[in-house]
Amino acid sequence: MPDRAPEPVDRQLPTDEARDLISLVRDIARREIAPKAAEEEDAGRFPRELFTLLSQSGLLGLPYDAEYGGGDQPYEVYLQVLEELAAARLTVGLGVSVHTLASYALAAFGAKEQQAEYLPAMLGGGLLGAYCLSEPSSGSDAASLRTRAVRDGDDWVITGTKAWITHGGIADFYTVMARTGEEGPRGISAFLVPGDAEGLGAAVPEKKMGMKGSPTAQVHLDGVRVPDARRIGEEGQGFAIALSALDGGRLGIAACAIGLAQAALDEALGYATERRQFGKPIADFQGLRFMLADMATQIEAGRALYLAAARLRDAGRPFAKQAAMAKLHCTDTAMRVTTDAVQVLGGYGYTADFPAERLMREAKVLQIVEGTNQIQRMVIARHLAGPETR
């Protein structure tokens with residue numbers, strides 16, 4: 001392992017409170033997250049105790065109202081927290097992003113009574129959330145989902161299977177999209193389902209290329225009974241809620257991707273300045289210096305792109321196109337930069353003795369989750385040229 005300590009990212013933060021927050025996150029990352037990351041990922045261990053610590057530290061509800069236990073932080077700050085966490089361990093950064101995504105429907109569309117009853121525990125009470133939109137037969141085509149909720153008096157009975165669910169089987173609550181009406185996007189509603197609901201279960205977690213410490217599993221709902229008081233928004237509003245949530249979620253993935261890429265650059269730079277060949281550090285060779293320069297430039301561009309989108313969101317302006325651009329660019333950057341980091345380390349980069357190979361394996365999933373990068377290109381093109389001709 002290189003002995004050279006990486007320089008912290010020079011962040012332009014809006015307030016002293018935000019600067020203190022980043023300092024807290026860096027301290028937690030250095031002491032509690034990074035030292036165990038490689039070992040726990042290799043063992044496939046999810047660090048639930050870390051999420052308890054993050055909750056106690058006020059880091060699981062940063063972009064939400066303080067009235068309900070949130071941190072009242074702008075997205076511009078929240079995303080930079082995610083980046084710091086993901087640089088230490090992607091399982092943690094992405095886990096916080098998914099929890100924030102799962103809390104969004106209630107925070108943005110729930111009735112005041114629902115928010116007062118459920119949000120404090122979700123945002124600061126040590127709970128962990130999961131977001132349930134995708135199904136085995138509907139991933140990119142999410143509007144064709146088949147999970148159905150049938151009205152029974154004051155309750156809804158939900159039956160179906162959700163797929164690719166981060167925190168599936170360990171979450172304390174699930175934000176579930178289910179069909180309550182006609183086919184297509186207008187027949188979908190959103191529900192807040194407790195993790196211990198009767199009839200709710202999870203399959204064995206998927207065996208994945210990377211992020212082995214983050215459980216991804218199918219979630220089965222077998223006649224799960226949920227009171228109408230846990231329906232979020234209006235009947236038929238669920239798909240609109242889901243898309244709104246994904247705009248912010250894509251920025252979370254973008255920030256995580258830049259954190260991962262930054263960790264890979266730091267690893268490559270540390271190695272290149274210490275590894276000597278032909279009597280000098282390999283960082284002195286122009287070909288390698290150009291690689292490092294390109295890696296750093298791509299990372300800075302990605303960071304600027306996700307922050308620009310976040311500032312639009314914070315200002316209440318449309319940002320869906322910019323969110324798709326950020327997700328596309330930042331996750332492609334993470335794949336390129338981590339691949340180049342392995343190349344910089346040469347044979348050592350291909351071994352588990354160094355983190356570069358793990359970072360490369362983890363980067364791949366970021367090009368897939370919360371809308372594949374092919375879907376992001378479709379979203380961007382629709383904003384530029386309008387809907388496709390039928």
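Worth saying up front: this structure is predicted, and the values here are computed from it rather than measured.
Using a 4.5 Å cut-off on side-chain heavy atoms (C-beta onward), Arg231 and Thr180 make no contact. For the pair Leu94 and Leu366, the minimum side-chain heavy-atom distance is below 4.5 Å. Between Lys327 and Leu251, the closest side-chain pair of non-hydrogen atoms is not below 4.5 Å. In this structure, the side chains of Arg19 and Arg11 stay at 4.5 Å or more apart for every pair of heavy atoms. Two residues are said to be in side-chain contact when any heavy atoms from C-beta on lie closer than 4.5 Å; Glu135 and Arg146 meet this criterion. Contact of the Thr159 side chain with the Val224 side chain is not registered, since no non-hydrogen atoms from C-beta on lie closer than 4.5 Å. The shortest side-chain heavy-atom distance between Leu269 and Met295 does not fall under the 4.5 Å cut-off. Looking at heavy atoms from C-beta onward, Ile165 lies out of side-chain contact with Gln218 at the 4.5 angstrom threshold.
Counted by atom type alone, Glu83 and Tyr306 present one or more donor-acceptor pairs between their side chains at under 3.5 Å. Checking Thr175 against Tyr104 by side-chain atom types alone, no donor-acceptor pair falls below 3.5 Å. A side-chain donor-acceptor contact under 3.5 Å links Asp266 and Gln262. Side-chain N/O atoms of Arg313 and Gln322 include no donor and acceptor closer than 3.5 Å. Thr91 and Glu41 share a donor-acceptor pair across their side chains, judged by distance under 3.5 Å alone.
Gln80 places a side-chain N or O within donor-acceptor distance of the main-chain N or O of Glu76, the cut-off being under 3.5 Å. Within the 3.5 Å criterion, the main-chain N or O of Asp154 finds no donor-acceptor partner in the side chain of Asp228. Side-chain atoms of Glu39 never come within 3.5 Å of backbone atoms of Lys36 as a donor-acceptor pair (strictly under, hydrogens ignored). Looking only at distances, no side-chain donor or acceptor of Arg151 sits under 3.5 Å from a matching main-chain atom of Trp156. Using a distance-only test at 3.5 Å, with no hydrogens or angles considered, a donor-acceptor pair links the side chain of Arg179 to the main chain of Leu145.
Nearest approach of Asp247 to Ala323, heavy atoms of both residues: O-CB, 3.5 Å. Scanning both residues, Gly168 and Ala202, for their nearest heavy atoms gives C-CB, 4.1 Å. Annotation for Val344 and Tyr271: closest pair O-CE2, 3.8 Å, computed over non-hydrogen atoms. Of all heavy-atom pairs between Ala334 and Ala261, the closest is CA-CB, 4.0 Å. The heavy-atom pair separating Ala301 from His329 by the smallest distance is CB-NE2, 3.9 Å. Glu357 and Thr351 get closest at one heavy-atom pair: CG-O, 3.2 Å.
Under the 4.5 Å side-chain heavy-atom criterion for ILVMFWY residues, a single connected hydrophobic cluster contains both Val25 and Tyr75. Linking Ile, Leu, Val, Met, Phe, Trp and Tyr residues whenever their side-chain heavy atoms come within less than 4.5 Å places Ile232 and Leu133 in a single cluster. Taking hydrophobic clusters as Ile, Leu, Val, Met, Phe, Trp and Tyr residues chained together by side-chain heavy-atom distances below 4.5 Å, Leu123 shares a cluster with Leu192. Cluster membership check: Val98 does not share its hydrophobic cluster with Met177, using side-chain heavy-atom separations under 4.5 Å among Ile, Leu, Val, Met, Phe, Trp and Tyr. With hydrophobic clusters built from ILVMFWY side chains whose heavy atoms lie under 4.5 angstrom apart, Leu53 shares a cluster with Ile170.
Annotation for Gln114: atom CD counts as buried by contact number, over 12 foreign heavy atoms lying within 6.0 Å. Residue-environment remark: CD (Glu49) exceeds the threshold of 12 foreign heavy atoms within 6.0 Å. Other residues, nucleotides and ligands contribute only 12 or fewer heavy atoms inside 6.0 Å of the CZ atom of Arg317. The environment of CD in Gln286 is sparse: at most 12 heavy-atom neighbours from other residues, nucleotides or ligands sit within 6.0 Å. Residue Arg45 places its CZ atom among more than 12 non-hydrogen atoms of other residues, nucleotides or ligands, all under 6.0 Å distant.
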Inset, instruction - Would you check, one step at a time, whether the test side chain to side chain donor-acceptor pair (under 3.5 Å) holds for Arg336 with Thr333? - result: CA-CA 5 Å; Arg336 285 193 298 270; Thr333 289; 3.2 Å; yes
Inset, instruction - Apply the test side chain to side chain donor-acceptor pair (under 3.5 Å) to residues Asp141 and Ser144: give CA-CA distance (whole Å), side-chain angles for both, the deciding distance (0.1 Å), then the verdict. - result: CA-CA 6 Å; Asp141 183 16; Ser144 66; 3.2 Å; yes
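Cation-pi geometry between Lys280 and Phe285 is met: the NZ or CZ atom falls under 6.0 Å from the ring centre, inside 45° of the normal. Geometric assessment of Arg230 against the ring of Phe191 yields a negative cation-pi assignment under the 6.0 Å and 45° thresholds.
Of the residues listed (Lys207, Glu206, Lys208), the one engaging Thr216 in a side chain to side chain donor-acceptor pair (under 3.5 Å) is Lys208, and it is the only one. Each of Val193, Val157, Ile158 was checked for a side-chain contact (heavy atoms from CB on, under 4.5 Å) with Arg225, and the lone residue meeting it is Val157.
With ring centers used as reference points, His167 lies 6.0 Å or more from Tyr174.
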